[in-house]
Amino acid sequence: MDNFQQPTHQPAGKKVAILGGNRIPFARSNGQYANVSNSEMLTAALNGLVERYNLQDKRLGEVVAGAVIKLSRDINLTRECVLSTALSPQTPAYDVSQACGTGLQAAFAVSNKIALGLIDSGIAGGVDTTSDAPLGIGDGLRKALLKLNNAKTNKDRLQALLSINPKDLIDAPQNGEPRTKLSMGDHQAITALEWAITREAQDEFTFNSHKNLARAYDEGFFDDLITPFKGLTRDNNLRPDISLEKLASLKPVFGKKNANPTMTAGNSTPLTDGASCVLLGTDEWAAANGLKPLAYLTYQETAAVDFTGKKGVKEGLLMAPAYAVPRMLQRAGLTLQDFDYYEIHEAFASQVLSTLAAWEDESFCKERLGLDKPLGAIDRSKLNVNGSSLAAGHPFAATGGRILASTAKLLDQKGSGRALISICAAGGQGVVAILEK
Ligand SMILES: CC(=O)SCCNC(=O)CCNC(=O)[C@H](O)C(C)(C)COP(=O)(O)OP(=O)(O)OC[C@H]1O[C@@H](n2cnc3c(N)ncnc32)[C@H](O)[C@@H]1OP(=O)(O)O
């Protein structure tokens with residue numbers, strides 16, 4: 001199978017600079033932000049960015065953000081949040097949604113307009129809460145209410161009311177695939193088994209994520225990337241004193257029917273609340289506003305895999321980045337080893353490890369990617385150097401902004417270099433990008 005047949009295009013035109021970023025500390029679900037809405041969190045992240053980069057009263061080209069789980073009243077959540085900030089109310093804004101890839105996809109939307117010369121600046125972002133999740137009325141209740149509304153006699157009305165079953169009252173959002181009814185974790189457990197990812201490797205990977213994030217906080221790396229919010233100054237999922245012994249003692253929570261289940265609450269991301277955003281612009285706009293480009297967003301790619309196996313090979317739900325990255329590398333004329341940093345979203349430790357295993361695997365690279373040899377191994381010391389989602393948490397749509405802002409800062413600190421960003425998303429999708437300085 002050749003996955004490189006479809007022509008993809010790097011938008012020609014203006015360079016797109018990442019000028020800064022901001023987020024609020026991420027909080028475990030039903031914790032510190034239990035009573036805080038998406039709207040309040042995204043507004044706080046945006047306001048922090050506005051303040052840090054003196055954007056008060058500025059009319060930006062566009063603000064694009066989104067949430068994976070939205071209340072139905074939040075028809076254009078991003079626009080409402082922009083109106084609550086000190087930005088000029090003449091700044092247009094709209095929502096996008098692409099599961100966990102939302103934040104990065106929002107940055108693509110802004111950057112493509114900048115590259116085309118249609119706008120000169122913009123903000124991309126994302127927010128999610130699983131604490132303040134929307135509840136709809138269940139199908140059973142909805143149908144009974146419709147019946148009640150159309151009833152002509154008291155008998156019909158009574159029958160409609162009696163048809164209501166308590167279990168049909170509420171329709172809550174599920175963290176699972178609608179087609180398979182499996183949770184993200186149970187899907188990933190199948191992939192982990194397929195790639196023989198051990199419990200020890202997952203726990204060690206998780207340990208490093210927490211240690212790296214804790215060190216980065218202690219070194220002040222996040223001082224100009226995070227605005228304290230509701231009493232939090234750091235992500236409250238972070239465990240600086242994490243131990244391999246404690247990780248090893250946790251019970252498996254996903255793939256429990258497997259012979260040897262390996263995925264636990266420790267080596268999976270927690271359900272999380274939070275928001276993030278990044279400021280993008282042309283070199284000219286940056287100079288006119290006294291800002292310095294941290295890095296440039298140079299390549300982007302989105303891929304999707306058939307996780308149902310309906311039309312051929314059944315692929316792992318979270319394996320789309322394994323396809324998106326080589327496609328982007330080919331277009332950029334780069335190898336997997338040509339990077340100073342790798343920022344791979346840690347949906348689950350085993351997801352990152354499965355993707356790395358696939359890139360090292362000869363038959364996967366030849367048969368599924370259509371390459372003549374494996375992409376090969378990466379230098380693990382360059383991977384998620386300041387921690388990632390396992391430690392920070394993963395408020396779905398906010399992860400893209402978190403990664404973009406910290407990766408741009410890493411490249412700026414280094415002075416020059418190149419970073420690969422990869423985010424897996426529900427629906428069998430993968431959103432990836434290259435940042436350069
Ligand atoms: C594209 C994508 O990104 S897909 C990914 C999308 N996200 C998801 O699917 C979210 C997946 N995560 C979840 O569903 C939930 O967080 C779960 C099921 C993993 C865990 O939920 P819970 O059981 O509520 O977790 P909880 O926080 O209570 O942790 C369970 C135990 O593990 C312990 N624990 C969790 N992490 C760690 C750790 N790193 N080190 C030590 N102990 C830990 C907790 O302290 C707790 O111990 P206790 O029972 O003694 O209090």
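Just follow the structure's listing: the first ligand is 1, and inside any ligand the first atom is 1. Just so we're clear, the structure is a prediction, and the values are computed from it rather than from any experiment.
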Return all side-chain donor-acceptor pairs below 3.5 angstrom for residues 418-432, not counting sequence neighbours, or 'none' if the list is empty.
residue	atom	partner	partner atom	Å
Arg418	NE	Glu436	OE2	3.0
Arg418	NH1	Asp338	O	2.8
Gln429	OE1	Gln98	NE2	3.3

Do NZ/NE/NH1/NH2 and the carboxylate oxygens of Asp224 and Lys409 come within less than 4.0 Å?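 The answer is yes: the pair qualifies as a salt bridge.
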So does Lys366 pair up with Asp361, basic N to acidic O under 4.0 Å?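 Salt bridge between Lys366 and Asp361, a charged N being under 4.0 Å from a carboxylate O: no.
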Are any of the N or O atoms of [X] closer than 3.5 Å to those of ligand 1?
X      : result
His394 : yes
Arg239 : yes
His345 : yes
Thr206 : no

If you count every heavy atom of other residues, nucleotides or ligands that lies below 6.0 Å from Arg179 atom CZ, does the total exceed 12?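 Atom CZ in Arg179 is not packed in, count stays at 12 or less.
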Please indicate whether Asn35 has more than 12 foreign heavy atoms, meaning atoms of other residues, nucleotides or ligands, lying under 6.0 Å from its CG.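 It does not: Asn35 CG has 12 such atoms or fewer within range.
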Which is it for [X] and ligand 1 at heavy atoms under 4.0 Å: side chain, backbone, both or neither?
X      : answer
Gln351 : neither
Ile423 : neither
Ile242 : side chain

Proximal atoms of ligand 1 relative to Cys424 (non-hydrogen, under 4.0 Å):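 With Cys424 as reference, the close atoms of ligand 1 come out as 1 (C).
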Considering the heavy atoms of Phe396, write down every atom of ligand 1 situated less than 4.0 Å from one of them.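 Those of ligand 1 that fall under 4.0 Å from Phe396 are 6 (C), 7 (N).
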Any protein heavy atom at under 4.0 Å, with [atom] as the reference point?
atom                    : answer
atom 7 (N) of ligand 1  : yes
atom 24 (O) of ligand 1 : no
atom 51 (O) of ligand 1 : no

State if Met263 counts as touching ligand 1 under the rule of any non-hydrogen atom under 4.0 Å.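 Met263: no contact with ligand 1 (<4.0 Å).
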Among all protein non-hydrogen atoms, which one is nearest to atom 32 (O) of ligand 1, and what is the separation to 0.1 Å?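 Atom 32 (O) of ligand 1 sits closest to the protein heavy atom Leu250 CD2, 3.6 Å.
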